[in-house]
Amino acid sequence: MKLATWNINSVRLRMPLLREFMDEHQPDIVCLQETKTLDESFPMKHVRAAGYEHIHIQGMKSYNGVAILSRLPFVKTQRHDRVGRSDCRHISVSVESSKYKKPVDIHCLYVPAGGDEPDVAVNDKFAHKLDFVDEVGAWFESEYDQDHPVVAVGDFNIAPREHDVWSHKQLLKVISHTPIEVEKLGRMQERLGWQDAIRHFVPDEEKCYTWWSYRNRDWKKSNRGRRLDHIWVTKPLMPALQSHEILTHGRDWVKPSDHVPVMIDLDL
DNA sequence: ATGGTAGGTACCCTA
C-alpha cells in the first residue's frame, strides 16, 4: 500500500496539481493538510474522477482542514477535536489488511504552527501547539496498545533532529525546532513507541527536508529547508516498511505548495 | 535586526 501525506495549502487552488500527483504516483491513500475549505466546497468530483472513491474530510473556512482520500474502502472513520476546539486538525480511518489481523488505523494530523515568538507567556499560539502535542500524545497512549498497527502522518510543524533543519544552531529559537517542542514530540513518540518511518530510510547525519519557505528568492539555491512532515508507524508495522519517497521536485511545480508530498510503501 | 511570499478573505488573518 502506497501512502502519501502532503500539506497542500489550499486543495481548491491546487486540485490540478493533486490530480497530476495522483496520476503519476498512484498512491492508494493520500492524506492532506491545510485544505482550507468547508466540506461542501471540497472538490469531491475531481478526487473521485481520479479514482479515489473513499473520502473522509473535515474542513473549515480559510484555515486548517484535513482530508484522507483513498482507493481502499474504510471500515471506520473518525474526527477528533483537540484542545477543546473543532479546528479540523485530526481525522482518522481504518482499513482492512490481509497481513495484520486487526484493521490498520491511519491518522492524518495538522499540528498548529505556533506563531513566531517561542514563549508561551506572550504567545497563545505556541501554548496551543504544545498543548496539542501533549494531548494527542496522551490520547494515542490511552487509545492503543503498542502492538496495534497504527500509522500517523501529517504536518507536525516540528523538525526534531539536527539534520531536519538547514542550521540546527540558527533555528534553536525558531518555532519548529525549539528544544521544548522537540522534547514534547519526543515524549509523544515514546508514549506509543512510534517509529519515524522516514528516518528509518534516511541516515540521521543526512539532511532531510519536506518544506521550504515561500520567502526565499530561490528555495533550491539557499536550500533552507526543514523536515516538518512526518510518517510514523507503530512497531508491528516496521517489517511492512518497503520504501520511502520525498518529492523534493514538487517544490518546483507551477504554483507549488511550500510543502512537498512524502510517501511510504507498506506491505499490508 | 529585518523582511521577505503565499492563500483566503474581506480590507487582515495565518503560515
Side-chain angles (χ1 to χ4, degrees), chain A residues 5-21 31-44 46 57-67 82-90 108-120 122-133 153-160 164-167 169-178 180-181 185 209-230 247-262:
Chain A
T5 179
W6 186 22
N7 178 322
I8 195 168
N9 187 17
S10 175
V11 69
R12 283 186 292 175
L13 185 71
R14 267 180 268 284
M15 185 61 231
L17 273 186
L18 177 60
R19 179 64 197 260
E20 282 182 46
F21 165 67
C31 297
L32 300 175
Q33 304 83 37
E34 281 206 89
T35 53
K36 292 188 173 178
T37 189
L38 288 164
D39 294 350
E40 56 261 39
S41 310
F42 198 94
M44 303 285 278
H46 291 93
I57 57 178
Q58 189 186 21
M60 57 193 277
K61 199 174 170 183
S62 305
Y63 306 110
N64 313 334
V66 280
R82 292 281 160 239
V83 205
R85 313 181 189 201
S86 297
D87 58 355
C88 308
R89 295 178 181 274
H90 182 189
C108 178
L109 293 165
Y110 176 52
V111 176
D116 290 328
E117 187 61 51
D119 178 355
V120 294
V122 296
N123 177 5
D124 291 342
K125 290 183 204 165
F126 192 51
H128 178 222
K129 180 180 198 175
L130 299 182
D131 288 347
F132 186 100
V133 174
V153 310
D155 177 3
F156 293 6
N157 266 313
I158 298 172
D164 291 341
V165 293
W166 62 277
S167 168
K169 205 175 163 185
Q170 284 178 257
L171 288 168
L172 278 170
K173 289 180 180 172
V174 174
I175 288 183
S176 72
H177 193 62
T178 64
I180 178 82
E181 293 166 85
L185 192 69
Y209 313 136
T210 65
W211 173 90
W212 292 261
S213 173
Y214 283 127
R215 295 175 189 175
N216 283 319
R217 269 169 211 272
D218 186 335
W219 73 274
K220 207 183 276 178
K221 193 177 171 191
S222 56
N223 198 22
R224 295 186 167 189
R226 303 178 202 168
R227 190 170 71 105
L228 303 179
D229 303 276
H230 298 271
L247 292 192
T248 304
H249 65 271
R251 190 62 180 77
D252 264 340
W253 289 335
V254 179
K255 292 281 270 177
S257 167
D258 43 356
H259 297 252
V260 298
V262 178

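Letters A, B, ... are given to chains in the order of the sequence lines, protein chains preceding strands, and every chain is numbered from 1. Here the structure is a predicted model, which is why all the values come from computation and not from measurement.
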Distance between C1' atoms of B:dT9 and B:dC13 (Å, rounded): 9 Å

Spacing of A:Arg226 atom CZ relative to B:dA15 atom P, expressed in whole Å: 13 Å

Close side-chain approach of A:Leu172 to A:Thr178, heavy-atom, < 4.5 Å: no

Separation of B:dA15 P from A:Glu117 CD (nearest whole Å): 15 Å

Stepwise ring pair (Phe, Tyr, Trp, His ring centres under 6.0 Å) check, A:Trp253 with A:Trp6: CA-CA 14 Å; A:Trp253 289 335; A:Trp6 186 22; 5.7 Å; yes

Sugar-phosphate only, base, or nothing, as touched by A:Arg12 at under 4.0 Å among non-hydrogen atoms: sugar-phosphate

Close residues, residues 14-21 of chain A, relative to DNA chain B [heavy-atom separation under 4.0 Å]: A:Arg14

Side-chain (A:Arg12) to main-chain (A:Thr37) donor-acceptor, under 3.5 angstrom: no

Rounded C1' spacing from B:dG4 to B:dA15 in Å: 13 Å

Out of B:dG7, B:dT14, B:dA10, whichever nucleotide has its closest atom nearest the side chain of A:Lys61: B:dA10

Base-pairing assignment for B:dC11 (Watson-Crick or G-U wobble, both under 3.5 Å): none

Distance in angstrom units between A:Asn9 CG and B:dT9 C1', rounded: 14 Å

Main-chain N/O of A:Leu228 paired to A:Thr210 side chain as donor or acceptor, under 3.5 Å: yes

A:Val11 vs A:Arg89, nearer the 5' end of DNA chain B by closest nucleotide: A:Val11

Atom-to-atom span, CE of A:Met60 to C1' of B:dT9 - whole angstrom: 13 Å

Residue-phosphate contact under 4.0 Å: A:Lys255 side-chain N/O, B:dG7 OP1/OP2: yes

Any side-chain heavy-atom pair of A:Val111 and A:Lys129 under 4.5 Å: yes

Cation-aromatic face contact A:Arg224/A:Trp166, 6.0 Å, 45 degrees: yes

Per A:Ser62 side chain, nearest of listed nucleotides B:dG7, B:dA15, B:dT9: B:dT9

Separation of atom CG in A:Asp155 from atom C1' in B:dA15, rounded to whole Å: 10 Å

Euclidean distance, atom CG of residue A:Asn216 to atom P of B:dA6 [Å, nearest integer]: 11 Å

Separation between the P atoms of B:dA6 and B:dA10, rounded to whole Å: 22 Å

Note, A:Phe156 side chain near A:Leu185 side chain (heavy atom, < 4.5 Å): yes

Rounded distance in Å - CZ (A:Arg85) to C1' (B:dT14): 13 Å

Selected nucleotide, minimal atom distance to A:Tyr63 side chain, candidates B:dT5, B:dC13, B:dT9: B:dC13

Distance in angstrom units between A:Gln33 CD and B:dG7 P, rounded: 17 Å

Gap separating the CZ atom of A:Arg14 from the CD atom of A:Glu34, nearest 0.5 angstrom: 9.5 Å

Inter-nucleotide C1' distance (B:dC11, B:dG7), Å rounded: 15 Å

Position toward the 5' end of DNA chain B (nearest nucleotide), A:Tyr214 or A:Thr37: A:Tyr214

Spacing of the P atoms in B:dT5 and B:dA1 (rounded, Å): 22 Å

